[in-house]
Amino acid sequence: MIVRRIDELHDTDREVEASTWVSRRFLLARDGMGFSMHDTLLYAGTETEMEYKHHVEAVYCIEGEGEIQLLPDGPSYPIRPGTLYALDGNERHVLRAKSQLRMVCVFNPPVTGTEVHGPDGAYPPMQAEGDR
Ligand code: 9YT
């Protein structure tokens, strides 16, 4: 069994920061669960464009207010605590945080912990076990 607390992730490779968000990664590929699970903060007043071409992702909002819009010109949906969205079609999207958003994110396949968004907004495909 794995038991972790969020304060134990601080200043480790399980805490990954980008310009508009910080991701605290409770479960990564190396934990062997078959998915990764993150507690991500998106900073107030920011927008983050993403396209996970190689992963599906479910995101559950537990704090904050914002909206998600499908790109290039898709519909927008309000995000508030209690809202889940699931990108089951690798959709390109933008997440706008009106206030700080706290999101629980689950990725399949799991992220390895080293990914950053490429210029195309995607994380690269999962590497083979021996490459990590
Ligand atoms: C909600 C979202 O996708 N934010 C970007 C960061 C990503 N979820 C991550 O790596 O935790």
Side-chain angles (χ1 to χ4, degrees):
M1 186 172 77
I2 300 167
V3 178
R4 292 194 174 112
R5 291 190 43 79
I6 197 160
D7 37 304
E8 297 164 5
L9 311 183
H10 186 54
D11 281 341
T12 73
D13 67 346
R14 291 180 180 274
E15 185 178 71
V16 175
E17 191 154 19
S19 58
T20 57
W21 51 264
V22 59
S23 174
R24 289 80 57 92
R25 291 160 172 185
F26 280 96
L27 295 171
L28 286 167
R30 64 180 186 255
D31 295 307
M33 296 290 290
F35 57 87
S36 61
M37 186 167 180
H38 317 173
D39 178 328
T40 300
L41 300 176
L42 293 115
Y43 305 136
T46 64
E47 46 178 72
T48 307
E49 200 175 311
M50 293 165 274
E51 183 178 15
Y52 295 113
K53 293 179 181 169
H54 314 290
H55 302 77
V56 290
E57 184 196 21
V59 180
Y60 183 61
C61 177
I62 56 172
E63 288 174 18
E65 303 284 333
E67 68 171 16
I68 182 171
Q69 184 183 2
L70 294 179
L71 295 175
D73 51 11
S76 297
Y77 302 90
I79 300 288
R80 56 179 176 267
T83 307
L84 173 132
Y85 64 84
L87 297 160
D88 57 347
N90 308 104
E91 296 93 336
R92 189 154 76 88
H93 60 287
V94 58
L95 194 54
R96 301 189 179 98
K98 290 181 188 152
S99 57
Q100 178 171 276
L101 291 170
R102 185 171 182 193
M103 312 292 253
V104 177
C105 310
V106 175
F107 281 80
N108 176 23
V111 307
T112 63
T114 56
E115 296 89 345
V116 289
H117 289 126
D120 58 355
Y123 286 156
M126 196 181 177
Q127 292 171 292
E129 198 66 39
D131 295 344
R132 294 204 296 270

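The figures that follow rest on heavy atoms only: side chains count, while hydrogens, waters and symmetry mates do not.
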Asks: To check you understand the geometry: which heavy-atom pair defines the closest contact between A44 and Q100, and what is its length?
Replies: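 Closest pair (atom of A44, atom of Q100, distance): CB-N, 3.6 Å.
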Asks: Identify the two heavy atoms, one from S36 and one from L27, that lie closest to each other, and give their separation to 0.1 Å.
Replies: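 Looking at all heavy atoms of both residues, the closest pair is CB-O, 3.0 Å.
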Asks: Write down the atom of K53, the atom of N90, and the distance for their closest heavy-atom approach.
Replies: O-ND2, 3.5 Å
Asks: Taking all heavy atoms of E91 and all of L70, pick out the closest pair and write down the distance.
Replies: CB-CD2, 3.8 Å
Asks: Measuring from atom NE2 of H93 to atom OG1 of T48, what distance do you get when rounded to the nearest 0.5 angstrom?
Replies: 8.5 Å
Asks: Could you tell me whether E15 and R24 make a salt bridge, using a distance below 4.0 angstrom between a side-chain N and a carboxylate O?
Replies: no
Asks: When you measure from the side chain of R14 to the backbone N and O of F26, does any donor-acceptor pair fall under 3.5 Å?
Replies: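 Flag set: sc R14 to bb F26 pair under 3.5 Å.
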Asks: Within the distance-only criterion (no hydrogens, no angle test), does the side chain of S99 pair as donor or acceptor with the backbone N or O of E65 below 3.5 angstrom?
Replies: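 At least one qualifying donor-acceptor pair exists.
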Asks: List the atom of P110, the atom of G34, and the distance in Å for their closest heavy-atom pair.
Replies: CD-O, 3.5 Å
Asks: Which hydrophobic side chains are connected to V22, either touching it within the sub-4.5 Å cutoff or through other members that do?
Replies: L41, Y43
Asks: What closest approach, in Å, do D13 and V16 show between heavy atoms, and which atom pair accounts for it?
Replies: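 That would be O-CG2, 3.9 Å.
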Asks: For the hydrophobic clusters of this structure (ILVMFWY residues joined by side-chain heavy atoms under 4.5 Å, transitively), does one cluster hold both L42 and I6?
Replies: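 No.
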Asks: Could you tell me the separation between the CZ atom of F107 and the CE atom of M37, rounded to the nearest 0.5 Å?
Replies: 12.5 Å
Asks: Does the pair D39/R4 count as a salt bridge with the N-to-O cut at 4.0 Å?
Replies: no
Asks: Name each donor-acceptor pair under 3.5 Å that joins a side chain in residues 79-87 to protein atoms two or more places apart or in another chain, with its distance.
Replies:
residue: T83; atom: OG1; partner: R80; partner atom: N; Å: 3.3
residue: T83; atom: OG1; partner: R80; partner atom: O; Å: 2.9

Asks: Between N108 and E57 (side chain of the first, backbone of the second, donor and acceptor by atom type, cut-off under 3.5 Å), is there such a pair?
Replies: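 No, N108 side chain to E57 backbone: no donor-acceptor pair under 3.5 Å.
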